[in-house]
Amino acid sequence: MDKKIINTASTSTDKPDFQSSKAQSSNTYQRHGRTTAINDHSDLQVLKRIKRYLLPKDFTISPALLDEIVAGYDIGDPLADALAAQNIKFAKPLQHTILGNSLNNNPANNYLVNKDLVNNPSFSALTEQFSNHPDWFDPKLAQIGAVAYRRYPLMLIWLLRNVALMAGYSIPALSLPLIQTGALMHDALPRLMRTYAYILAVSEHPSSNMSTRNQNKPIEQVLAIGSEGWRQSIQVRQIHTLVRQNLLKGKGNAATGVIPNAEQHHNLDGSWNTDYWGIPINQTDMIATHLQFSLLIMRGLRLLGARISTEEAEGILHLWNLASYWMGVDLDRLPKDEAACWEWLYTYLSIQQLDFKMGQPLAKALHDLPRQLMGEDNRRGRFVEMVNASVTRTLVGDDIGDGLDLPKSKIRFGVLSSVPILFALDTARQHNASVAHKLEAFRAKRQDNMNWWLKKNDDYYK
């Protein structure tokens with residue numbers, strides 16, 4: 001186990017090694033205001049941990065990767081953006097073009113697709129992308145990843161909210177689109193649960209019995225054509241496209257009164273400043289989100305005691321590669337394996353301007369959820385909030401926890417009590433079929449309980 005990454009103290013000698021190439025020395029990669037020098041965050045705990053435990057000893061930041069990351073700031077989703085420029089919403093007609101006029105055998109879903117739209121080059125390209133799995137996709141490997149990803153429902157929601165989301169709030173380039181649209185700041189619970197529903201949909205597999213509960217056609221394989229994960233990928237891609245276009249036009253105003261205008265770096269006319277931020281929801285930031293949901297959650301599971309095999313880790317990344325490809329990420333830009341993922345993430349984090357004040361409203365909205373649900377004076381709610389903050393501080397770092405103004409408990413390392421418990425249970429599961437069956441029954445029940453909001457508000461989970 002490599003849990004020692006959690007408790008490692010910072011040392012003055014643990015500085016990143018950087019290449020002194022002409023590209024770096026001249027800082028040609030700093031073409032956007034959001035980009036800092038590669039050594040500005042050398043003391044950040046998460047970077048020290050990645051450097052010390054997850055990268056080769058001779059690792060240096062690649063100028064080529066730097067240029068690729070920075071170039072990605074200026075690229076959105078060309079196919080979907082071309083349709084948005086024509087005021088075309090593609091999600092519903094795309095699903096009907098591929099699946100026919102009777103989705104889920106429901107006559108009420110009958111829909112006539114405009115013939116001109118079918119002949120639109122961008123729409124035709126999207127139709128081709130979503131009609132079949134790409135040749136590189138291995139459904140057996142993806143299922144191995146999906147089963148492992150879904151095996152630990154409590155850890156999954158812990159890591160989604162307290163690592164994947166919270167860690168991203170320290171990066172203003174990721175936070176600002178959320179703030180300007182009001183996402184995860186107003187109505188934080190629905191936003192969180194919709195995100196949770198998406199990672200559940202992506203990881204749904206034939207033995208997860210979701211389809212038998214909601215009387216849909218049983219899923220035949222992970223991310224099958226027509227599955228909930230497929231459908232939500234189309235819908236989220238359309239949402240991202242509309243948000244991108246609205247922000248570029250200066251229509252996102254939910255940050256007014258929350259973040260000073262000067263810190264948002266607007267253009268003079270109030271529109272999104274691409275010279276400073278790049279395109280909103282761009283290729284590079286979408287890959288960062290891809291790694292939040294795959295690499296960081298997988299790493300968190302291991303740190304909390306889960307036994308994730310090399311094949312399962314590969315399967316989790318493979319699963320999310322397809323989901324991200326469907327979400328509009330250029331496949332050639334995705335890192336190819338776990339080692340490459342850590343190199344990519346380290347490089348990305350090294351050059352991001354940090355602004356904790358911008359992320360604090362999002363962090364507070366997410367942190368305050370338990371007491372909003374249970375009552376301001378509810379002791380259990382306060383305890384859950386403290387546990388959540390402890391997960392962030394333990395796995396991400398106190399410097400980010402302090403920056404986001406999260407509480408600090410004297411017993412915060414109590415979250416590590418899960419490590420020997422989960423490790424022992426996982427070991428027993430691997431060697432005893434009876435234990436494995438009982439744990440799966442417990443997992444299914446726990447997962448069902450955690451879907452309480454979705455069962456009230458989402459037809460698929462009712």
Sub-3.5 Å donor-acceptor pair from the side chain of [X] to the main-chain atoms of [Y], do we have one?
X: H133; Y: F137; answer: no
X: S124; Y: V118; answer: yes
X: Q360; Y: G403; answer: yes
X: E314; Y: L141; answer: no
X: S227; Y: A224; answer: yes
X: T392; Y: N162; answer: yes
X: N282; Y: I279; answer: yes
X: N119; Y: K115; answer: yes
X: Y461; Y: A197; answer: yes
X: T394; Y: V391; answer: no

| task | Could you tell me whether the side chains of Q264 and Y276 share a donor-acceptor contact shorter than 3.5 Å? | result | no
| field | Between Y198 and S233, a side-chain donor and acceptor under 3.5 Å | value | yes
Would [X] and [Y] pass as an ion pair if we require N to O under 4.0 Å?
X: D458; Y: R194; value: yes
X: R34; Y: D285; value: yes
X: K455; Y: D448; value: yes
X: D77; Y: R244; value: no
X: E312; Y: R151; value: yes

If you round to the nearest 0.5 Å, how far is [atom2] of [Y] from [atom1] of [X]?
X: F442; Y: R446; atom1: CZ; atom2: CZ; result: 6.0 Å
X: M450; Y: L200; atom1: CE; atom2: CG; result: 8.5 Å
X: Q232; Y: Q235; atom1: CD; atom2: CD; result: 6.5 Å
X: I88; Y: Q238; atom1: CD1; atom2: CD; result: 11.0 Å
X: Q143; Y: S207; atom1: CD; atom2: OG; result: 6.0 Å
X: T36; Y: I351; atom1: OG1; atom2: CD1; result: 9.0 Å

| Criterion side chain to side chain contact (heavy atoms under 4.5 Å, CB included) on N451 and Y196, from CA distance to verdict | CA-CA 9 Å; N451 289 355; Y196 181 54; 3.6 Å; yes
Given side chains that start at C-beta, do those of [X] and [Y] come closer than 4.5 Å, heavy atoms only?
X: V163; Y: I297; result: no
X: R150; Y: S208; result: yes
X: Y149; Y: V202; result: no
X: W277; Y: L176; result: yes
X: V222; Y: V147; result: no
X: L83; Y: T241; result: no
X: F123; Y: L94; result: yes
X: N457; Y: P190; result: no

Please find the pair of heavy atoms, one from [X] and one from [Y], that lie closest to each other, and give the distance.
X: R161; Y: P370; value: NH2-CD, 3.9 Å
X: I225; Y: S131; value: CG1-O, 3.7 Å
X: M155; Y: S418; value: CE-CB, 3.8 Å
X: A436; Y: R429; value: CB-O, 3.6 Å
X: Y29; Y: L66; value: CD2-CD1, 3.9 Å
X: P335; Y: L291; value: CG-CD2, 4.4 Å

| Going through the checks in order, is the side chain to side chain contact (heavy atoms under 4.5 Å, CB included) test met by L159 and L296? | CA-CA 8 Å; L159 295 169; L296 292 187; over 6 Å; no
| Steps toward side chain to side chain contact (heavy atoms under 4.5 Å, CB included) verdict (M327, V236) | CA-CA 7 Å; M327 293 271 281; V236 174; 3.3 Å; yes
| remark: Residue pairs meeting side chain to side chain donor-acceptor pair (under 3.5 Å), one or both in residues 331-343, sequence neighbours left out, come to R302-E338
| query | Passes side-chain hydrogen bond (donor to acceptor under 3.5 Å, both in side chains), D74 versus H32? Steps please. | reply | CA-CA 10 Å; D74 295 317; H32 302 79; 3.0 Å; yes
| request: Output, in order, the C-alpha distance, side-chain angles, deciding distance and verdict of side chain to side chain contact (heavy atoms under 4.5 Å, CB included) for S62 and T347. | output: CA-CA 8 Å; S62 162; T347 304; over 6 Å; no
| query | Relative to the ring of H318, is the ring of W136 parallel (under 30°), tilted (30 to 60°) or perpendicular (over 60°)? | reply | perpendicular
| Relative to each other, are the rings of W326 and W230 parallel, tilted or perpendicular (30° and 60° limits)? | perpendicular
| message | Working note: H41 + Q352, criterion side-chain hydrogen bond (donor to acceptor under 3.5 Å, both in side chains); need CA distance, chi angles, decisive distance, verdict. | response | CA-CA 9 Å; H41 306 317; Q352 299 306 308; over 6 Å; no
| side-chain hydrogen bond (donor to acceptor under 3.5 Å, both in side chains) assessment of D81 paired with Q245 | CA-CA 8 Å; D81 290 340; Q245 298 304 313; 3.2 Å; yes
| request: Taking atom CD of Q86 as the centre, report whether more than 12 heavy atoms of other residues, nucleotides or ligands fall under 6.0 Å from it. | output: yes
| request: Tell me, yes or no, whether the heavy-atom count around Q430 atom CD, taken from other residues, nucleotides or ligands under 6.0 Å, exceeds 12. | output: yes
| field | Ring centre gap for Y346 and F59 strictly below 6.0 Å | value | yes
| With a cut-off of under 6.0 Å to the ring centre and 45° to the axis, is R443 in cation-pi contact with Y152? | no
